[in-house]
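Letters A, B, ... are given to chains in the order of the sequence lines, protein chains preceding strands, and every chain is numbered from 1. No experiment lies behind these values; they were computed from the predicted model shown.
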Amino acid sequence: MSTATSYVEPEPVADAYDRGVARSLTLRYVIASTAIFLVSGLLGALLRQSQADIYKIDDNAWYAVMTAHGLGAFVGWAAFAVMGFSFWVLSEVGFPMGSLGAALARLAFWLMVVGVAGVVVTTLVFGFGGSWVFLYPLPFESAGQWGDGVTGVFSASVLLVGLSIVVWCVAILVIVAGPGLRSESTSRVNRVLAAMGLGIIFRRRFKTERPVPYPVIPLTVIAIDMIIATLPLAGLLIVMIIQSFAPGVSVDALLAKNVLWWFGHPVVYLLLFPAVAVYYLLVPRFAGRKLVSGDIIAVGWTIAVIANVTVWAHHMYLDYPNGTQAAINTAMEPLTFSLTIVSALSLYSLFFTIYRSNWVWNAASTALFLGLVSWLLSGLSGVINATIAFDTFVHNTLWVVGHFHHMALMNIGIVIFGAIYAFLPALIGRPLYSDRLGLWHVWLTFFAGTAVSVVWLIQGLDGAPRRFSELPGQYDATNAASIPLVAVLGLAQLLFVWNIYKTIRGDTTAARRRELMQGVARPRLTSASLQGFAMVATLVAMAGLGLAGWAISNAGADDSQDSYVPIAAEAPADATPAQLGEQVYINAGCGSCHALAAAGTDGIVGPSLDELAPEAERVTEVVTNGLNEMPAFGNQLSDEEIAALTAYVSESAAP
Amino acid sequence: MNPTAFAITVIYSVACVVALIAILLIWRSTHGRGERPGDGVDTEKLAHGEKAWFAIVVAALGALLLATLPFIPYGDTAAAEGQQQVSVEGFQFGWTIEPSTITAATATRFTVTATKVTHGFAVYNDDNVMLFQIQAIPGHTSHIVHTFDEPGRYQVVCLEFCGVGHHRMLSTFTVEPV
């Protein structure tokens with residue numbers, strides 16, 4: 001085949017009616033997920049500013065918002081949006097939805113909407129703050145913050161979300177096994193395997209009249225994997241629903257964690273693989289040539305379909321109470337590496353499709369290009385996470401938070417924006433209101449979002465823990481650095497909202513009207529020099545904003561050394577027992593549960609010592625032997641320490 | 001800085017710089033001056049090059065695997081002669097650490113578990129540098145062996161989300177000179 005021939009779009013076999021069904025269904029997913037995006041994005045900003053101590057929210061409110069933000073942004077926005085775009089991608093490459101596919105797509109939509117609504121209500125109204133991974137048995141051990149009934153409703157809501165995913169998977173498999181592939185086999189299994197990429201490797205065994213379109217492959221792979229991944233989690237959720245009213249039922253914590261990540265890893269790829277399908281469809285379109293790829297990419301996808309459901313334990317590298325779990329974890333490292341091959345091959349294909357092409361620089365294509373940049377950079381930090389020796393440090397630090405915001409927001413999220421800019425005109429039959437506004441949105445989102453992620457990566461390498469509603473003082477300055485960046489990221493989304501609002505209304509910009517009426521072409525924003533200047537200027541601006549936040553916080557800080565556990569002043573030689581007792585109180589971590597004004601602690605789990613004002617004997621007794629939830633410290637603290645602690649608490653507790 | 005964190009900083013920074021240079025070259029290649037740069041590009045050859053790229057990626061990942069496998073923490077954590085034994089139990093929201101005084105320069109074997117929910121047992125020195133971490137799982141005991149070179153106060157931080165008091169779940173222990 002000559003390389004100079006221009007690219008020809010595949011002929012859709014779907015009729016106009018089927019295209020209309022796909023159009024309205026996709027639009028429905030896009031509108032609902034965008035609404036969830038705006039809410040969960042705001043929740044994210046609320047969390048970050050509270051950590052930076054601007055407007056502080058209560059601890060459990062923070063963790064409940066964290067749970068809503070995580071599930072909302074990850075599943076309610078990103079997964080939901082790419083699930084919707086998948087139907088349009090398949091329609092674009094000529095796969096009719098059919099009545100069954102459309103019915104399943106409608107069912108998946110409503111299951112997701114009801115499930116996400118349940119998550120929002122149980123977290124934001126009823127205070128469920130078990131985090132979006134709701135690590136068993138934490139949902140049943142809330143330390144008095146929410147009841148088992150709330151956990152039951154939360155579990156049922158997540159179960160609906162899981163069912164939505166399974167129904168979507170079936171819908172995708174029904175569509176790819178339909179007439180769109182023009183397979184010569186009547187076997188549905190043969191057709192699905194062909195669509196999974198085997199049709200490219202084994203052309204005789206999986207015969208199709210047309211070559212398997214590349215965007216179909218990642219969709220088929222994830223549809224197969226998410227069914228395998230979700231069913232065990234559904235089982236765990238059902239047990240949790242039963243446990244919410246039958247407390248005798250329980251599951252081993254380690255087993256539950258394996259089941260959770262059996263789902264929790266592939267669900268990451270529920271975001272990535274449909275986003276890859278969008279790349280495979282749109283990048284060749286904007287480059288004006290076919291995807292630069294051979295058979296080898298199908299090999300990558302065949303590895304992925306297996307590796308994706310066999311790498312769950314890389315989230316458990318630091319759980320190894322026995323040799324079996326350690327062996328599973330060790331095996332997960334090479335398997336995880338093999339899963340990165342499909343990303344490496346896809347990035348090669350997509351970047352070289354763009355390389356020296358007549359790439360059109362508009363809002364949509366810029367979003368896709370910047371998404372590829374983030375995919376590459378955040379993929380590299382993912383390889384760090386996948387390496388056990390490195391994970392021993394970064395595990396559960398803010399590095400991980402930096403990595404997945406970089407990947408989910410700046411790769412998948414920005415692809416969603418690109419897909420909206422690219423597809424919305426066709427979906428609603430009106431041109432995009434302003435491509436220039438879209439460009440501003442995409443560039444600002446890219447730079448601010450990347451900068452926000454980089455701050456987390458830096459904090460993580462400094463050892464900052466993730467999921468802390470309040471970080472110790474040594475992270476104040478870096479927290480403050482991210483605030484102006486979060487503000488820019490949030491404000492940039494207003495450009496997006498305005499653009500979409502005006503597009504749906506069918507409005508036209510003044511510049512566009514002048515162009516149409518007077519024939520005066522508007523200068524393009526996309527020359528190499530202008531783009532280069534904008535990149536450097538934005539980089540400098542972001543660095544400046546971050547440094548400004550850092551400097552303001554740093555200027556207000558005193559010189560004393562911050563640490564997780566405050567360092568008590570050196571006790572004088574003639575220190576009273578009460579003075580020594582304060583050191584014991586702080587070093588043993590009594591303040592994590594108890595409020596005591598004299599020590600400046602405000603723990604809420606145990607009784608307030610100020611209100612209780614216990615007698616000396618009572619303090620000695622409870623500290624030594626424990627009481628209810630409080631463990632005994634008799635073996636941990638010496639008799640002298642307990643005596644000092646007794647003196648301190650009984651003297652300083654003020655009712 | 002923790003040596004692992006330092007290694008990550010160097011490796012990730014270098015990888016990002018190389019990646020960004022490649023991206024800038026691809027970005028620049030789409031901006032032709034006048035002529036259509038897309039004409040005359042042998043895309044078949046580029047597609048063929050993907051096989052070489054596949055080999056490069058596999059080799060690089062293999063090298064990373066071989067280079068880092070010796071550092072996985074799943075080595076011998078069985079009890080041995082001359083070790084100090086420290087038992088650690090996480091509860092909502094604190095730690096019992098027995099004994100809470102440890103001798104420096106002696107191998108210390110931590111036996112780590114939790115009462116109700118999973119916690120993360122992470123040890124930081126007084127300069128806030130994380131030394132090691134391991135998950136504390138209810139119903140299971142894990143072991144980790146570490147030798148403290150420096151005497152002083154060490155901080156214990158919970159690194160697995162465990163509920164409303166997670167960020168307050170802090171404690172200390174003391175390492176005394178030999």
Side-chain angles (χ1 to χ4, degrees), chain A residues 3 59-60 131 135 137-138 141 143 145 252-254 289 292-294 296 318-321 326 334 337 341 344 348 351-352 354-359 373 376-377 380-381 384 387-390 392-393 396 461 463 465 467-470 474 528 563-565 587 589 592-593 603 605 631 635-636, chain B residues 2 4-5 8-9 12 15-16 19 23 26 29-31 36-38 41-44 46-47 50-51 53-54 57 61 65 68 71-74 91-94 96-98 100 116-118 120 128 130 134-135 137-142 155 157 159 161 163-165 167-172:
Chain A
T3 54
D59 288 337
N60 197 66
S131 96
L135 187 57
L138 179 59
E141 300 291 349
Q145 303 300 311
D252 178 77
L254 193 64
R289 54 160 86 131
V292 169
S293 180
I296 192 81
L318 294 181
D319 297 72
Y320 48 99
F337 283 1
I341 289 171
Y348 179 98
F351 271 128
F352 279 106
I354 297 170
Y355 177 67
R356 298 196 65 188
S357 71
N358 299 305
W359 182 254
V373 174
L376 177 53
L377 298 183
L380 289 168
S381 61
I384 300 281
T387 307
I388 300 172
F390 294 142
T392 55
F393 182 82
N396 280 349
L461 288 172
R467 296 187 178 131
F468 265 39
S469 64
E470 194 178 334
Q474 60 266 33
S563 51
Y564 290 93
V565 185
N587 283 332
S592 56
C593 293
V605 181
N635 294 329
Q636 184 174 351
Chain B
N2 173 294
T4 307
I8 294 170
T9 307
Y12 186 61
C16 280
I23 288 163
I26 288 171
S29 79
T30 65
H31 293 281
R36 291 159 56 88
V41 176
D42 190 348
T43 53
E44 296 290 327
L46 286 172
E50 193 164 32
K51 294 191 179 72
W53 174 242
F54 178 82
V57 169
L61 291 170
L65 182 68
T68 59
F71 298 98
I72 63 171
Y74 312 144
F91 62 93
Q92 284 172 314
F93 296 93
T96 51
I97 302 161
E98 295 174 9
S100 58
K116 287 181 176 170
V117 304
T118 301
N128 301 317
M130 192 212 297
I134 189 168
Q135 295 274 298
I137 312 154
H140 300 268
T141 45
S142 311
Q155 307 175 83
V157 179
L159 278 196
F161 177 64
V164 63
H167 59 287
R168 299 167 187 268
M169 196 172 148
L170 308 165
S171 190
T172 58

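- With hydrogens and angles ignored, the 3.5 Å screen pairs no side-chain donor or acceptor of A/Trp359 with any backbone N or O of B/Ser29.
- Checking side-chain atoms of A/Tyr348 against main-chain N and O of B/Lys51 turns up no donor-acceptor pair under 3.5 Å.
- The contact between B/Ile137 and chain A is made entirely by side chain atoms (from C-beta outward), counting heavy-atom distances below 4.5 Å.
- Proximity to chain B involves both the backbone and the side chain of A/Leu138, based on heavy atoms less than 4.5 angstrom apart.
- Atom CG of A/Asp319 and atom OG of B/Ser142 lie 7.5 Å apart (nearest 0.5 Å).
- Taking 4.5 Å as the limit, some side-chain heavy atom of B/Val117 sits within range of a side-chain heavy atom of A/Pro137.
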Working note: A/Asp59 + B/Arg168, criterion side-chain contact (heavy atoms from CB on, under 4.5 Å); need CA distance, chi angles, decisive distance, verdict. CA-CA 10 Å; A/Asp59 288 337; B/Arg168 299 167 187 268; 2.9 Å; yes
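- Both the backbone and the side chain of A/Val565 come within contact range of chain B, with heavy atoms under 4.5 Å apart.
- With contacts defined as side-chain heavy-atom distances shorter than 4.5 Å, the pair A/Leu377/B/Tyr12 qualifies.
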Please lay out, stage by stage, how A/Leu376 and B/Ile23 fare under the test side-chain contact (heavy atoms from CB on, under 4.5 Å). CA-CA 9 Å; A/Leu376 177 53; B/Ile23 288 163; 3.8 Å; yes
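- In this structure, B/Ser100 contributes its side chain and A/Gln636 its backbone to a donor-acceptor pair below 3.5 Å.
- Residue B/Met169 touches chain A through its backbone alone, counting heavy-atom pairs closer than 4.5 Å.
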With side-chain contact (heavy atoms from CB on, under 4.5 Å) as the criterion, how do A/Ser592 and B/Leu170 come out once you've worked through the C-alpha distance, each side chain's angles and the decisive distance to 0.1 Å? CA-CA 7 Å; A/Ser592 56; B/Leu170 308 165; 5.8 Å; no
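- Residues A/Asn396 and B/Gln135 are in side-chain contact: their nearest non-hydrogen atoms beyond the backbone lie under 4.5 Å apart.
- Once rounded to the nearest 0.5 Å, the distance linking CG of B/Leu61 with OG1 of A/Thr387 reads 8.5 Å.
- With rounding to the nearest 0.5 Å, the separation of CZ in A/Phe393 from OG1 in B/Thr4 is 7.5 Å.
- Heavy-atom neighbours of B/Phe71 CZ from other residues, nucleotides or ligands within 6.0 Å: at or below the threshold of 12.
- One distance of note links CG of A/Asn587 with OG1 of B/Thr172; it measures 3.5 Å at 0.5 Å rounding.
- For A/Leu380, the parts sitting under 4.5 Å from any heavy atom of chain B are the backbone and the side chain alike.
- Heavy atoms closer than 4.5 Å to chain B are found in both the backbone and the side chain of A/Glu470.
- To the nearest 0.5 Å, atom CG of residue A/Leu318 and atom CD1 of residue B/Ile134 are 7.5 Å apart.
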Yes or no on side-chain contact (heavy atoms from CB on, under 4.5 Å) for A/Phe351 and B/Leu46, after CA distance, side-chain angles and deciding distance? CA-CA 11 Å; A/Phe351 271 128; B/Leu46 286 172; over 6 Å; no
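- Most heavy-atom pairs under 4.5 Å with chain A, from the set B/Thr96, B/Val57, B/Thr141, B/Thr9: that is B/Thr96.
- Side-chain atoms of B/Gln92 come within 3.5 Å of backbone atoms of A/Glu141 as a donor-acceptor pair (strictly under, hydrogens ignored).
- Using a 4.5 Å cut-off between heavy atoms, A/Ile296 touches chain B through its side chain atoms alone.
- Side-chain contact between B/Pro73 and A/Ile388 is present, with at least one heavy-atom pair separated by less than 4.5 Å.
- One finds the CD1 atom of B/Ile8 at 6.0 Å from the CZ atom of A/Phe390 (value rounded to the nearest 0.5 Å).
- Looking at A/Ser293, the atoms closer than 4.5 Å to chain B (heavy atoms on both sides) sit in the backbone and in the side chain alike.
- With a 4.5 Å cut-off on side-chain heavy atoms, A/Tyr564 and B/Asn128 count as touching.
- Interface residue B/Ser171: backbone and side-chain heavy atoms are both found under 4.5 Å from chain A.
- Heavy atoms closer than 4.5 Å to chain A are found in the side chain of B/Phe91, but not in its backbone.
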